[in-house]
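Right, one structure below, let's go through it.
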Amino acid sequence: MRRTIENIIIGILTVALVLAVLGIIISNDVVTKAAFVVLILVAVTYAVLQVMEYFDTLKLDDAKKQRASFWFMVITIVVALTIVCVSIFALADKLF
């Protein structure tokens, strides 16, 4: 079930990213700002899911899975923070 939710979230993230780029290209502020808000929400949601998955793997005795899950969680959090920062600058009209 969690994998299905993750796939749906990644799909929404991809669509929001395409809409944000399209809104920037055609200079439509409404589409751009809506896409950036959706990007923020979806990126944070996906990062929270990865943190939950990491804590689930801590219950296992497999150190290799724990290490892989930890690094995937760290990368996901860094990407989510990058998306949030870029989106905040774009929403404040300081980026473009």
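Heavy-atom basis, side chains included; hydrogens, waters and symmetry copies ignored.
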- prompt: Cluster question for you: counting only ILVMFWY and a side-chain heavy-atom cut-off of under 4.5 Å, with indirect links fine, are L81 and I75 together?
  reply: no
query: Side-chain heavy atoms under 4.5 angstrom apart, residues restricted to Ile, Leu, Val, Met, Phe, Trp, Tyr: same cluster for L13 and I5?
result: yes
- prompt: Residues in side-chain hydrogen bond (donor to acceptor under 3.5 Å, both in side chains) with E6, at least two apart?
  reply: R3, Q50
query: F36 and L39: side chain to side chain contact (heavy atoms under 4.5 Å, CB included), yes or no, with the steps?
result: CA-CA 5 Å; F36 278 124; L39 274 172; 3.9 Å; yes
- request: Could you tell me which residues satisfy side-chain contact (heavy atoms from CB on, under 4.5 Å) with D61, sequence neighbours excluded, listed by chain and number?
  value: none
message: With side chain to side chain donor-acceptor pair (under 3.5 Å) as the rule and sequence neighbours excluded, what pairs involving residues 17-30 come up?
response: none
message: Quick check: is V78 connected to F89 through a chain of hydrophobic side chains (ILVMFWY, heavy atoms under 4.5 Å apart)?
response: no
field: Co-members of V15 in a cluster of I, L, V, M, F, W and Y side chains, linked at under 4.5 Å
entry: L19, V31
- prompt: Can you name the side-chain hydrogen bond (donor to acceptor under 3.5 Å, both in side chains) partners of D56, sequence neighbours left out?
  reply: R2
- request: List in chain and number order the residues that pass side-chain contact (heavy atoms from CB on, under 4.5 Å) with I10, two or more places apart in sequence or in another chain; answer none if no residue qualifies.
  value: T14, Y46
query: Under the side-chain contact (heavy atoms from CB on, under 4.5 Å) test, which residues partner V38, sequence neighbours left out?
result: I12, A16, V42
task: Using the salt bridge (charged side-chain N to carboxylate O under 4.0 Å, His left out) rule, collect all pairs that involve residues 15-24, keeping only residues at least two apart or in two chains.
output: none
query: So do I83 and V44 actually touch side chain to side chain, heavy atoms under 4.5 Å?
result: no
query: Between V37 and K33, is a side chain to side chain contact (heavy atoms under 4.5 Å, CB included) present by the stated rule, with each step listed?
result: CA-CA 6 Å; V37 169; K33 290 185 181 194; 5.6 Å; no
- request: Report yes or no: do L17 and I8 belong to one cluster of Ile/Leu/Val/Met/Phe/Trp/Tyr joined by side chain heavy-atom distances under 4.5 Å?
  value: yes
- request: Calculate, to the nearest 0.5 Å, the distance between atoms OG1 and CE belonging to T57 and M73 respectively.
  value: 8.5 Å
- line: residues 72-87 vs side chain to side chain donor-acceptor pair (under 3.5 Å), sequence neighbours excluded, gives none
- prompt: Who are the side-chain contact (heavy atoms from CB on, under 4.5 Å) partners of T45, not counting sequence neighbours?
  reply: I9
query: Which atoms form the tightest heavy-atom contact between A80 and A43, and what is the distance?
result: CB-O, 3.7 Å
message: Tell me which pairs pass salt bridge (charged side-chain N to carboxylate O under 4.0 Å, His left out) where either residue lies in residues 71-87, with sequence neighbours left out.
response: none
task: State yes or no: do V30 and L91 share one hydrophobic cluster built from I, L, V, M, F, W and Y residues joined by side-chain heavy-atom distances below 4.5 Å, directly or via other members?
output: no
task: Would you mind listing every ring-ring contact (aromatic ring centres under 6.0 Å, His included) that reaches into residues 52-82, with sequence neighbours excluded?
output: Y54-F70
Heavy-atom closest pair, residues I77 and A47: CG1-CB, 4.4 Å
